[in-house]
Amino acid sequence: MSGCIIVHGGAGYVPAQLTEEKTRGCQSAVQAGYSILCSNGSALDAVEAAVRNLEDNPSFNAGHGSVFNNKGQIEMDAMIMEGAQFGVSAVAGVKTVANPVSLARKVMECTDHVMLISEGAELFAREQGIPEVSSEDLVSPQTKSRWEKYTTKSDDHDTVGAVAMDCHGNIACATSTGGTTLKRVGRVGDVPLIGCGSYSDNSLGGVSCTGHGESITRVTLAHRVLSNSITMSGQNAVEQSLKFMWDKVKGRGGLIMITPNGVISKGFTTKRMAWASIDTNGILETGIDQPAITTD
Ligand code: ASP
């Protein structure tokens, strides 16, 4: 068995003309991660590779393509976690690194900390020899046109994420985002908060979330769905947890999950969420419109 993997490209507003581009982007990312699993690589390497692929694709709000805050700057958050020893790290408010997910991994492997923010994270990146990029390099034409179009906060949720299980049964997750469009300077969402936007535990599974970060944080969505999956099927746990977030705090979003039996589940309460998965039989699936969960 080569393991399995799923990625998402965010549960935000996706106009019809971008659905193909987003789905294709997810397919390329899931294949990048799966090729690592096939060569006996770890789940951690696979999720990092998949998320880097999405960060490098300007169609998504992470790395290249990150959205602006309300001062027209980029501030990115990312986290990565493995479910065997609970190795986990995150970065927040990073402006000058093209692949925040890899910086988060360095924090995990080269420091005693679980999170570094803004200048501290960038200083650490320099110490690690990670090339510095200017924010200009990360701004995509889409980001520029959104900035010109929106004068108030919009409902964009285009975070990227990946969850994988390798042939040893290790489960890892990674999530990366530019955050919400026109967010306040210094705003940190759910993504770097452990158990909110992502979580991995080999005995429960791995999760990566997307959607309204403040709502995801209030209900600790990633850990909640894993807890729910103890007593119900993975798909039911996804649906119940997202419904709970709507009922309790009126928050919308989506998530992807792999449970230790290798079952892949996903769901969203927004109109669209691009995703792609390759299961333990090597079968590739992609989607963006279904299955949606009703919140009425
Ligand atoms: N959850 C992300 C945040 O609030 C946004 C997203 O998923 O697109 O920062």
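Both ligands and their constituent atoms are indexed starting at 1 by order of listing. Hydrogens, waters and symmetry mates play no part in the numbers below; they use all other heavy atoms, side chains included. When a residue number appears, it is its place in the shown sequence, counting from 1.
In this structure, a donor-acceptor pair under 3.5 Å is present between the side chains of Asn69 and Glu75.
Polar contact check, Ile216 against ligand 1: no nitrogen or oxygen pair lies under 3.5 Å apart. Of the N or O atoms in Gly179, none lie within a sub-3.5 Å distance of an N or O in ligand 1.
For atom 1 (N) of ligand 1, the candidate residues are Asp190, Thr159, Asn61; the nearest heavy-atom contact is made by Asp190.
For the ligand labelled ligand 1, residue Arg187 lies inside the 4.0 Å heavy-atom shell. In this structure, Gly10 has no heavy atom closer than 4.0 Å to ligand 1.
Each of the following atoms of ligand 1 lies closer than 4.0 Å to a heavy atom of Thr210: 6 (C), 7 (O), 8 (O).
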May I have the list of side-chain donor-acceptor pairs in residues 253-262 shorter than 3.5 Å, sequence neighbours left out?
residue: Thr259; atom: OG1; partner: Asn261; partner atom: OD1; Å: 2.8
residue: Thr259; atom: OG1; partner: Val263; partner atom: O; Å: 3.3
residue: Asn261; atom: OD1; partner: Val263; partner atom: N; Å: 3.2

Do any side-chain atoms of residues 107-118 form donor-acceptor pairs under 3.5 angstrom with protein atoms, and if so which ones, sequence neighbours left out?
residue: Glu109; atom: OE2; partner: Arg105; partner atom: NE; Å: 2.9
residue: Glu109; atom: OE2; partner: Arg105; partner atom: NH2; Å: 3.2
residue: Thr111; atom: OG1; partner: Val107; partner atom: O; Å: 2.7
residue: Thr111; atom: OG1; partner: His113; partner atom: N; Å: 3.0

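Salt-bridge check for Lys183 with Glu214: failed, with every basic side-chain N at 4.0 Å or more from each acidic carboxylate O.
With Asn61 contributing its side chain and Gly178 its backbone, the two residues share a donor-acceptor pair below 3.5 Å.
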